[in-house]
Protein chains: 2
Amino acid sequence: MAVAQVRDVAALAGVSPATVSNALNHPAKVSPATLARIQSAIDELGYIRNDAARQLRAGTNRAIGMIVLDIANPFFTDVARGVEDVLIVDQRPLILGNSSQEPRRETNYLDLFEQQRMNGVLITPVANVLDRLRRLRDRGTSVVLVDRMTGAKEFSSVAIDDTMGGRIATEHLLATGRRRIAFIGGPANLTQVSDRLSAARAAVEAHGSGEITFVETEAMNAGAGRIGVEQLLALPAAQRPDAVFAANDLVALGVLQALTLRGIKVPDDIAIVGYDDIDFASSAAIPLSSVRQPAQTMGSTAASLLLDVIADPATSTVQHITLKPELVVRRSTEG
Amino acid sequence: MAVAQVRDVAALAGVSPATVSNALNHPAKVSPATLARIQSAIDELGYIRNDAARQLRAGTNRAIGMIVLDIANPFFTDVARGVEDVLIVDQRPLILGNSSQEPRRETNYLDLFEQQRMNGVLITPVANVLDRLRRLRDRGTSVVLVDRMTGAKEFSSVAIDDTMGGRIATEHLLATGRRRIAFIGGPANLTQVSDRLSAARAAVEAHGSGEITFVETEAMNAGAGRIGVEQLLALPAAQRPDAVFAANDLVALGVLQALTLRGIKVPDDIAIVGYDDIDFASSAAIPLSSVRQPAQTMGSTAASLLLDVIADPATSTVQHITLKPELVVRRSTEG
DNA sequence: CTGAAAGCGCTTACAG
DNA sequence: CTGAAAGCGCTTACAG
């Protein structure tokens, strides 16, 4: 015999397939004695339900899909762990997709999730995928935005206040006497980058002195930080910054490596403040000051929100939750 | 109308559902003119195939499931990226599950993958799941082991030589004059841990002097490293080690933090060698010497192997590929 | 190259 | 509490 099916289990237990299905999906409807017989038949045959058939008939897929921006960034794996913590209680599988910030890969995963008729999708979007998300929702897949594009008021979202983060980082640099601040990050069209940058500029303006130089990068990893430093060092000495505000910690670590390699002292010559406060920030060569983001909390909050929407798509109200970052001061800015 | 289906597309294009299906799955069988009409009908209706129905009928799921041991460890996300690189060429979705080293979670994902009748599974096992893997294989899901339990000769596998890694790390410590080496990692039943530890002991024996103290931890993260240091410091001063061989870099970073906090100088008082050479090892407070593992290569190799097995489960031969680690010397051991 | 018919394995009302 | 029947949406031989 090939793989055991419902009918085999039913035959062995001496019941109908419908009763086996009820035992699996609505055990309260089945008498304990029957339940027990079915269970031993399942064990004996090693029966494993065919999920495709279940999904097709039931019209729903309990799994939750999550599209993560960059799996190489511990910040996002922390978010994912927060999500897992919540979903595991509900016994829902989490399907992780990594867009690597590439719109094409993001679209591929959206296609997949749409084809699979998932119950819910969590996404930190790369490209403008609002139309796709609307279509998903119209087809019965609930959507919650994580950490980005929360301007889309029609979807619930969880984010962390980037304006506040940009401000407190910049105020800290100004308060410790820095004036020529290079902001390294990109691309500029990411709201994270633009919000943090705008807030930095606003803080400088409010302070009345200082200036922000924007060094745009193509990505947000250590390599981008190293390239950013190259650009800074190409500037005339008089314009060289006395501080770097890196748009995330990976960039900050790259900046730190490149500066150290050139013999430029951190924080004496140039201070560095990072963003995210990933675990590795505190164990860096020069421990990094950083804007701590509650990543895991963001993940668990987003997952809870999503489960609410799934439970009641019609009446659940759209919610936008904004969490607060906080500054963690370490050696990289204590000059 | 609800969501568009094959029959809607067929009606709009003026063909039968069978022809639409052929257009989607075997375009060569359909005339170009019909293909074009079907395509515009698909676009107009926003048709998205129902994957559950496709899977049920076709009896196969192109997706590949991967069970990762610890998504918080950059080593494993590097492996996953290697896998993605290969699968993307084949346009196969990668479904990532994170076991977090918990047997229960591992089993949950195996259940899920089995229910979904996946084409293939890549796994770095936590518990002894050989029986489960055999059953998967017997049901038509190809399996390749990644980085663990390669003693299971019946499944193809890719691993990195842990005996060699343990040896070169220990020989390096001995060559730089260290004699009392604490090996921190665990649990002891992980083959990685036991292989590296045995190799360390063998290297000490071959050298003729020195000793290995095994400090077993419950996990392999920074917290475990910090706890390991507590235990070391509880030892009488005369037995205090002059070197730590950490079973991975996360443990090593925890060890470094805890030692630094106590005012113990690295490498002067105690040298540290880590394992994996994750990106963060080189940017640590004291840059870490580490045994570099070709993580991404392991991932891409495993994925290629898996695709081979899937392409021809009957005749493809079982292969065991072992990659070589290499020692990267940095400041943490240059006393 | 195209279509009518059957069926993948399950679950869902419904009747009893 | 249990079962007979229908059908979820697609693809697969097969006939034409």
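So that the names make sense, note that chain A is the first sequence line, chain B the second, and so on, each numbered from 1. Reckoned from all heavy atoms, side chains included, excluding hydrogens, waters and symmetry mates.
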Tabulate below the donor-acceptor pairs under 3.5 Å that side-chain atoms of residues 136-145 of chain A make, not counting sequence neighbours, or state none.
from: R139(A); atom 1: NE; to: E114(A); atom 2: OE2; distance (Å): 3.3
from: R139(A); atom 1: NH2; to: G46(B); atom 2: O; distance (Å): 2.5
from: T141(A); atom 1: OG1; to: M118(A); atom 2: O; distance (Å): 2.7

Counting only non-hydrogen atoms, which of residues 18-36 of chain A are less than 4.0 Å from DNA chain C?
A18(A), S21(A), N25(A), H26(A)

For T34(A), give me all partners under side chain to side chain donor-acceptor pair (under 3.5 Å), at least two apart in sequence or on another chain.
S31(A)

Hits for side chain to side chain contact (heavy atoms under 4.5 Å, CB included) against S100(A), two or more places apart or cross-chain, chain-then-number order -> N98(A), E102(A), R105(A)

For residues S16(A) and T19(A), is any side-chain donor paired with an opposing acceptor at under 3.5 Å?
yes

What are the atom names and distances for every N/O pair under 3.5 Å that joins the protein to nucleotides 6-9 of chain C?
from: dG7(C); atom 1: N2; to: R57(B); atom 2: NH1; distance (Å): 3.4
from: dG9(C); atom 1: OP1; to: Q5(A); atom 2: OE1; distance (Å): 3.0
from: dG9(C); atom 1: OP2; to: Q5(A); atom 2: OE1; distance (Å): 3.2
from: dG9(C); atom 1: O5'; to: Q5(A); atom 2: OE1; distance (Å): 3.3
from: dG9(C); atom 1: N2; to: A53(A); atom 2: O; distance (Å): 3.4

Could you list the residues that satisfy side chain to side chain donor-acceptor pair (under 3.5 Å) with T107(A), not counting sequence neighbours?
none

Sorted by chain and number, sequence neighbours left out, side chain to side chain donor-acceptor pair (under 3.5 Å) with D131(B) holds for R134(B)

Suppose we screen for side chain to side chain contact (heavy atoms under 4.5 Å, CB included). Which residues come up paired with D85(B), at least two apart in sequence or across chains?
Q296(B)

Which nucleotides of DNA chain D pair, in dot-bracket form (Watson-Crick or G-U under 3.5 Å, | meaning another strand):
|||.||||||||.|||

D90(A): partners by side chain to side chain contact (heavy atoms under 4.5 Å, CB included), with sequence neighbours left out:
R92(A), L307(A)

Could you pull out all residues at least two apart from L12(A) that satisfy side chain to side chain contact (heavy atoms under 4.5 Å, CB included)?
A41(A), E44(A), L45(A)

Under the salt bridge (Lys or Arg N to Asp or Glu O under 4.0 Å) test, residues paired with D70(A) that sit two or more places apart
none

